[in-house]
Amino acid sequence: MHELTLISHNCFDIPERIREIDDDYRLFYNCKKNVIELHSLKCNPTFQLVMPFAQLDSRAVEFVRRTRMDKILSEIEQIDNFNQSLEQRLIDKTLDEIHTKTKSVVNYMNRGGSQIPSYSEL
């Protein structure tokens, strides 16, 4: 932690605005890597992310909001729901095809095999 310097304030009050998002968030300047990092005091290790910007401005606040864990969990839930609906549509389509082909075979059998269905009908 010797290479980390706490950023307690700047002219745009970005550290304070980020603490409004989560009171445990702290901004540090990593002298070794020459980047600004976000840390959370309630996690161990505390590191959360590296800011993609060289200076602190409103973009940093928006970036932290977009990348919060609860936001990410919500996004993952939406992706899971979408994938589940895709899977259900695939299952329904497969069952419909099975039903259609089985119906064709049963009709063929009921006709006494007088007309052989094509492979595409099965």
Side-chain angles (χ1 to χ4, degrees):
M1 293 280 278
H2 299 298
E3 68 269 359
L4 296 179
T5 304
L6 177 66
I7 303 172
S8 58
H9 60 278
N10 76 345
C11 62
F12 300 117
D13 294 327
I14 300 302
E16 293 84 4
R17 290 170 58 190
I18 287 178
R19 277 196 299 279
E20 288 175 2
I21 297 170
D22 189 329
D23 197 41
D24 292 320
Y25 282 166
R26 298 294 185 270
L27 290 173
F28 289 91
Y29 179 73
N30 189 326
C31 302
K32 193 175 185 180
K33 297 179 182 176
N34 199 26
V35 293
I36 300 171
E37 298 178 351
L38 177 71
H39 290 255
S40 176
L41 301 179
K42 63 182 164 188
C43 299
N44 192 14
T46 63
F47 176 78
Q48 297 294 304
L49 58 87
V50 172
M51 291 289 175
F53 316 110
Q55 62 273 42
L56 286 175
D57 53 25
S58 63
R59 297 175 300 168
V61 177
E62 288 304 312
F63 183 74
V64 170
R65 277 198 184 109
R66 282 196 331 265
T67 57
R68 282 201 58 179
M69 185 57 74
D70 56 348
K71 179 77 172 171
I72 291 172
L73 293 175
S74 152
E75 294 292 323
I76 289 173
E77 184 179 339
Q78 288 180 357
I79 291 169
D80 285 343
N81 290 340
F82 179 76
N83 287 341
Q84 193 172 22
S85 71
L86 280 179
E87 184 178 355
Q88 188 60 46
R89 279 189 267 162
L90 181 62
I91 289 170
D92 291 344
K93 180 181 174 187
T94 304
L95 288 175
D96 287 344
E97 288 176 11
I98 289 171
H99 176 73
T100 302
K101 291 177 182 182
T102 304
K103 187 175 177 181
S104 174
V105 169
V106 168
N107 286 340
Y108 170 73
M109 298 299 279
N110 287 338
R111 288 191 304 253
S114 61
Q115 182 181 1
I116 299 175
S118 68
Y119 181 76
S120 63
E121 292 177 356
L122 296 177

Between atom [atom1] of [X] and atom [atom2] of [Y], what is the distance when rounded to the nearest 0.5 Å?
X	Y	atom1	atom2	result
L86	Q88	CG	CD	11.0 Å
E62	T67	CD	OG1	10.5 Å
F28	M51	CZ	CE	12.5 Å
R17	N10	CZ	CG	9.0 Å
R89	I91	CZ	CD1	12.0 Å

| query | Has E87 got more than 12 heavy atoms of other residues, nucleotides or ligands less than 6.0 Å from its CD? | reply |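 Counting other residues, nucleotides and ligands, CD of E87 stays at 12 neighbours or fewer.
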| F47 atom CZ: more than 12 heavy-atom contacts under 6.0 Å |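 More than 12 heavy atoms, drawn from other residues, nucleotides or ligands, come within 6.0 Å of this atom.
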| Looking at residues at least two apart in the chain, or sitting in another chain, which of them share a side chain to side chain contact (heavy atoms under 4.5 Å, CB included) with I79? |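 Counting only residues at least two positions away or on another chain, I79 forms a side chain to side chain contact (heavy atoms under 4.5 Å, CB included) with N83.
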Check whether [X] and [Y] end up in the same hydrophobic cluster, where Ile, Leu, Val, Met, Phe, Trp and Tyr are linked by side-chain heavy atoms less than 4.5 Å apart.
X	Y	answer
Y25	L41	no
F12	V64	yes
V50	I18	no
I7	I21	yes

With distance as the sole test, does [X] use its side chain to make a donor-acceptor pair with the main-chain N or O of [Y] at under 3.5 Å?
X	Y	value
R59	L56	no
D13	E16	no
R68	D22	no

Any [X] side-chain heavy atom under 4.5 Å of [Y] side chain:
X	Y	value
R26	R19	yes
L49	F63	yes
N81	Q84	yes
L27	L38	yes

| Which atoms form the tightest heavy-atom contact between P15 and S8, and what is the distance? |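 Smallest interatomic distance, heavy atoms only, reads CB-O, 3.7 Å.
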| request: Mind listing the closest non-hydrogen atom pair of I14 and S58 along with its distance? | output: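 Scanning both residues completely, I find the closest heavy atoms to be CD1-N, 3.9 Å.
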